[in-house]
2 protein chains.
Amino acid sequence: MPIQIKQHDCKTELREADLKATPARLAALKVLEASNKPLDVATIRLELKRSGINTDPATVFRMMNSFSDKGIVRGVNLQESKLRYEHAAKKEHHHLLCQSCSAIEDISDCNINALEKGIEKKKGFLVKSHALEFYGLCQKCQKIN
Amino acid sequence: MPIQIKQHDCKTELREADLKATPARLAALKVLEASNKPLDVATIRLELKRSGINTDPATVFRMMNSFSDKGIVRGVNLQESKLRYEHAAKKEHHHLLCQSCSAIEDISDCNINALEKGIEKKKGFLVKSHALEFYGLCQKCQKIN
DNA sequence: TTGACAGATGCAATAGACTTGCATATACTA
DNA sequence: TAGTATATGCAAGTCTATTGCATCTGTCAA
């Protein structure tokens, strides 16, 4: 008899956050989980539509807000006029944004902790979180230009 | 006879950028130069009004855009719904934002260059710029709470 | 299984940051 | 000082996001 693996699917994730598991929410979570970059509300709605789920923008904004509140997703501000969202299960990381092709790549293991410690010591400021993104040219676009 | 110091005032700054030196622009530049933190458009307009200069929001947005294009000011995105602007003559630095009292403090000499070098080596991504801000509690608010 | 109800959704209105078109006004150059 | 390129004000419009309200639907208890 196989060991009982705890199935942490989208439904249980919502249950544990005291959120009702509606079709739109389940699908939105799956979309975010499957994406390799943070998505904005318009894109999420498009993906849902491709699964046959029509949503009102207000609903998706509300979803993202409650997901954020519960720590299920993380808002990502990439200096655009809109917010993007990524699944919070992904280990904390930062992003590389190509200014030519708009590609977005993740970057982990930036050892920014050293910087934070220095700030706490030098300024007496208690760092709770930080925003860090890099802008430039991805490998492909460096070759083209 | 004293040495002729080059007077790099707001007027010449605008001239050199091929921008007309209007009263509103001169005053806005002075406001930004005098401020110790990045300001949003509404605040800039308020400061101008205090100097007796009434401006239309559109005008100030257009000013900030052309100043940005010319490298005179720098847009600062502090995860708010609006952009702030700071005078670009200030050496590049980052910001500490107190989540309790909303104070904004500058922090220079963060040695983020090491991180950038690492990224270029590891990812082949050519870093042109970055966004880095820290969120937490300033010294005062740590004591209060 | 069902029924009640808290919470989710759609729709429409609203808010706020920012942009744009156009007519007028003004800084700069010759 | 006159002519022109550019800046400004005003009004309308765009885009992201929020909110009020009526309706609908998961969920839980019976």
Side-chain angles (χ1 to χ4, degrees), chain A residues 9-31 38-49 51-70 72-86, chain B residues 9-31 38-49 51-70 72-86:
Chain A
D9 57 345
C10 297
K11 198 167 232 165
T12 54
E13 189 170 21
L14 289 171
R15 285 271 175 75
E16 287 169 6
D18 282 310
L19 296 173
K20 286 184 182 174
T22 67
R25 285 178 172 181
L26 290 167
L29 273 186
K30 264 184 217 151
V31 166
L39 303 178
D40 59 26
V41 165
T43 307
I44 294 168
R45 289 216 316 132
L46 264 177
E47 288 301 316
L48 294 186
K49 189 161 205 167
S51 316
I53 300 179
N54 289 303
T55 52
D56 190 84
T59 300
V60 180
F61 280 113
R62 276 190 279 229
M63 277 189 346
M64 292 306 123
N65 282 338
S66 44
F67 290 179
S68 282
D69 290 345
K70 300 292 188 172
I72 296 174
V73 307
R74 193 170 27 230
V76 180
N77 184 333
L78 298 183
Q79 318 275 28
E80 300 164 302
S81 55
K82 66 201 171 190
L83 250 196
R84 291 169 178 267
Y85 299 89
E86 68 187 2
Chain B
D9 57 345
C10 296
K11 198 165 232 166
T12 54
E13 189 169 22
L14 288 170
R15 285 270 174 75
E16 288 169 6
D18 282 310
L19 296 174
K20 287 186 180 170
T22 67
R25 285 177 172 181
L26 291 168
L29 272 187
K30 265 183 217 153
V31 166
L39 302 178
D40 59 27
V41 165
T43 306
I44 294 168
R45 289 214 318 132
L46 263 177
E47 289 300 316
L48 293 186
K49 188 160 206 171
S51 314
I53 299 179
N54 288 303
T55 52
D56 190 83
T59 299
V60 180
F61 280 113
R62 275 189 281 229
M63 277 189 346
M64 292 305 124
N65 283 339
S66 45
F67 290 0
S68 283
D69 290 347
K70 300 292 188 174
I72 297 175
V73 306
R74 192 167 31 227
V76 179
N77 184 334
L78 298 185
Q79 318 275 30
E80 300 165 303
S81 56
K82 64 200 172 190
L83 250 196
R84 291 170 178 266
Y85 299 90
E86 67 187 3

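Chain letters run A, B, ... following the sequence lines, proteins first, then strands; residues in each count from 1.
Residues A:Leu83 and A:Gly75 come closest through the heavy atom pair CD2-C, 4.3 Å. Contact record, A:Met64 with A:Ala28: CE-CB, 4.4 Å, taken as the closest heavy-atom pair.
Rounded to whole Å, atom P of C:dA17 lies 12 Å from atom OH of B:Tyr85. At whole-Å resolution of the value, CG in A:Leu14 and C1' in D:dT27 are 13 Å apart. D:dC15 atom C1' lies 15 Å from atom CZ of A:Arg84, rounded to whole Å. Rounded to whole angstrom, the span from the CG atom of B:Leu83 across to the C1' atom of C:dG16 amounts to 14 Å. Atoms CG (B:Asn54) and C1' (D:dC10) sit 14 Å apart, rounded to a whole Å. Rounded to whole Å, the distance from CZ on A:Phe67 to P on D:dA17 is 16 Å. Counting to the nearest Å, the P atom of C:dA17 and the CD1 atom of B:Ile44 are 13 Å from each other. Between the CG atom of A:Asn77 and the C1' atom of C:dA17 there is a distance of 14 Å, given to the nearest Å.
In this structure, the side-chain contact (heavy atoms from CB on, under 4.5 Å) partners of A:Ser68, at least two apart in sequence or on a different chain, are A:Val73, A:Tyr85. Looking at residues two or more places apart in sequence or on another chain, you find a side chain to side chain donor-acceptor pair (under 3.5 Å) between A:Thr43 and A:Asp40. Under the salt bridge (charged side-chain N to carboxylate O under 4.0 Å, His left out) criterion, A:Lys30 pairs with no residue, sequence neighbours left out. Partners of B:Lys11 under the salt bridge (charged side-chain N to carboxylate O under 4.0 Å, His left out) rule, at least two apart in sequence or in another chain, do not exist in this structure. Applying the salt bridge (charged side-chain N to carboxylate O under 4.0 Å, His left out) criterion to A:Arg74, with sequence neighbours excluded, gives A:Glu86. For B:Arg84, the salt bridge (charged side-chain N to carboxylate O under 4.0 Å, His left out) test picks out B:Glu80, with sequence neighbours left out. Partners of B:Ala58 according to the side-chain contact (heavy atoms from CB on, under 4.5 Å) rule, which considers only residues two or more places apart in sequence or in another chain, are B:Asp56, B:Arg62. Under the side-chain contact (heavy atoms from CB on, under 4.5 Å) criterion, A:Ala24 pairs with A:Thr22, A:Ile53, A:Thr55, A:Met63, sequence neighbours left out.
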Close N or O pairs between protein and nucleotides 3-7 of chain D (under 3.5 Å):
residue: D:dA5; atom: N3; partner: B:Lys20; partner atom: NZ; Å: 2.9
residue: D:dT6; atom: O4'; partner: B:Lys20; partner atom: NZ; Å: 3.2
residue: D:dA7; atom: OP1; partner: B:Arg25; partner atom: NH1; Å: 3.0
residue: D:dA7; atom: OP1; partner: B:Arg25; partner atom: NH2; Å: 3.2
residue: D:dA7; atom: O5'; partner: B:Arg25; partner atom: NH2; Å: 3.0

Provide a list of protein-nucleic acid N or O atom pairs under 3.5 angstrom, restricted to nucleotides 20-24 of chain C.
residue: C:dG21; atom: O6; partner: B:Arg62; partner atom: NH1; Å: 3.1

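At a threshold of 4.0 angstrom between heavy atoms, the contacts of B:Asn65 are confined to the sugar-phosphate backbone, with no base atom among them.
Direction change of the helix axis from one end of the helix from C:dT1-D:dA30 to C:dA30-D:dT1 to the other is 30°, with five pairs defining each end axis (rounded to 10°).
When each of A:Val60, A:Leu14, A:Thr59 is tested with A:Arg25 by the rule side-chain contact (heavy atoms from CB on, under 4.5 Å), just one qualifies, namely A:Leu14.
Comparing B:Lys11 and B:Ser81 against DNA chain C, the residue whose closest nucleotide sits nearer the 5' end is B:Ser81.
For A:Arg15 and D:dG26, the shortest distance from a side-chain N or O to OP1 or OP2 is not below 4.0 Å.
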